[in-house]
Amino acid sequence: MPQSPLSVPTVEAVDQPQQRFMLVLSQIPPGRVCSYGRLAELAGLGRGARLVARWLGQLPAGSRLPWHRVVNAQGRISLPADHPSHAEQLQRLQDEGIVLRNGRIDLRRHGWPDTH
DNA sequence: CTTATGACGTGGT
DNA sequence: AACCACGCCATAA
C-alpha cells in the first residue's frame, strides 16, 4: 500500500522525473546548498545536471521552491553575473547565513546532503 | 533525422 | 588556478 497522501512522498514513490526534481529541490534546508549534478542524482535523473538547470529556469513565477539553493559543483552561482536573478540568489543565500569567499561557497560546510 | 543549446560535471593538461 | 574537450540529456528548430 502507498503511504498516506498526507505524508511527504519519497523520491522513489514519484514516477514523474520532473516531480522528483521538485521534491528534492523542496527538501534542501535553509542555509544549505546543493549542486546541479547532485540534485540530478538524488532525483533519479542520472547525470542530468543540465536538465536540472533547464528546469530551474522554467519554474513557475510564483513558485516557493528554493531555487536559490542550487549552485554549481565549484560552489559558485551559475547564473550570469549580469542576470538580475544573480543578485537575488546571492542576497537570498546571504540572508540564510551562507558565507561566500571570493564568490565561492564552501561545500564541505554548506553542502547538502552531508558528505561526512 | 541532425544540430544547437543550456543556471553542468569530470578528467586531463 | 585556468583552460579545454567530452559526456550528458531533454528540448527546440
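Note on naming: letters A, B, ... go to the chains in the order of the sequence lines (proteins, then strands), and numbering restarts at 1 for each one. Values below: all heavy atoms of this structure, side chains included; hydrogens, waters and symmetry mates excluded. Since this is a predicted model, take the numbers as computed values, not measurements.
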From [atom1] of [X] over to [atom2] of [N], roughly how many Å is that when rounded to an integer?
| X | N | atom1 | atom2 | result |
| --- | --- | --- | --- | --- |
| A/Ile77 | B/dC8 | CD1 | P | 12 Å |
| A/Glu41 | C/dC8 | CD | C1' | 11 Å |
| A/Leu45 | B/dG6 | CG | C1' | 15 Å |
| A/Tyr36 | C/dC8 | OH | C1' | 16 Å |
| A/Leu56 | B/dG6 | CG | P | 16 Å |
| A/Asn72 | C/dC8 | CG | P | 20 Å |
| A/Arg47 | C/dC6 | CZ | P | 17 Å |
| A/Leu25 | B/dA7 | CG | C1' | 13 Å |

- Item | A/Arg54 vs A/Arg38, nearer the 5' end of DNA chain B by closest nucleotide | A/Arg54

- Taking the nucleotide of DNA chain B with the closest heavy atom to each, which residue, A/Val71 or A/Leu51, is nearer the 5' end? A/Leu51

- Sticking with atom P, work out how far C/dA13 lies from B/dA7, rounded to a whole angstrom.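 My reading of the P atoms in C/dA13 and B/dA7 gives 15 Å.
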
- Message: Considering every strand and a 4.0 Å limit on heavy-atom distances, what is the contact class for A/Ser35: base, sugar-phosphate, or nothing?
- Response: sugar-phosphate

- Message: Quick check: on DNA chain C, is the nucleotide nearest A/Arg104 upstream (toward 5') of the one nearest A/Gly46, or the reverse? Name the residue that is more 5'.
- Response: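 Closer to the 5' end of DNA chain C: A/Arg104.
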
- Message: Counting only side-chain heavy atoms from C-beta out, which of B/dG9, C/dC8, B/dA7 sits nearest to A/Arg50?
- Response: C/dC8

- Return the nearest nucleotide to the side chain of A/Ala49; candidates are C/dC8, B/dT10, B/dC8. B/dC8

- Item | Pairing of A/Asp114 and A/Arg108 as salt bridge, 4.0 angstrom limit |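 No, this pair does not count.
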
Using atom types as modelled and distance alone, determine if a side-chain donor or acceptor of [X] lies under 3.5 Å from a backbone N or O of [Y].
| X | Y | value |
| --- | --- | --- |
| A/Arg38 | A/Pro113 | yes |
| A/Arg20 | A/Ala43 | yes |
| A/Asn102 | A/Arg104 | no |

- Would you kindly say whether A/Glu96 and A/His68 are connected by a side-chain donor-acceptor distance under 3.5 Å? yes

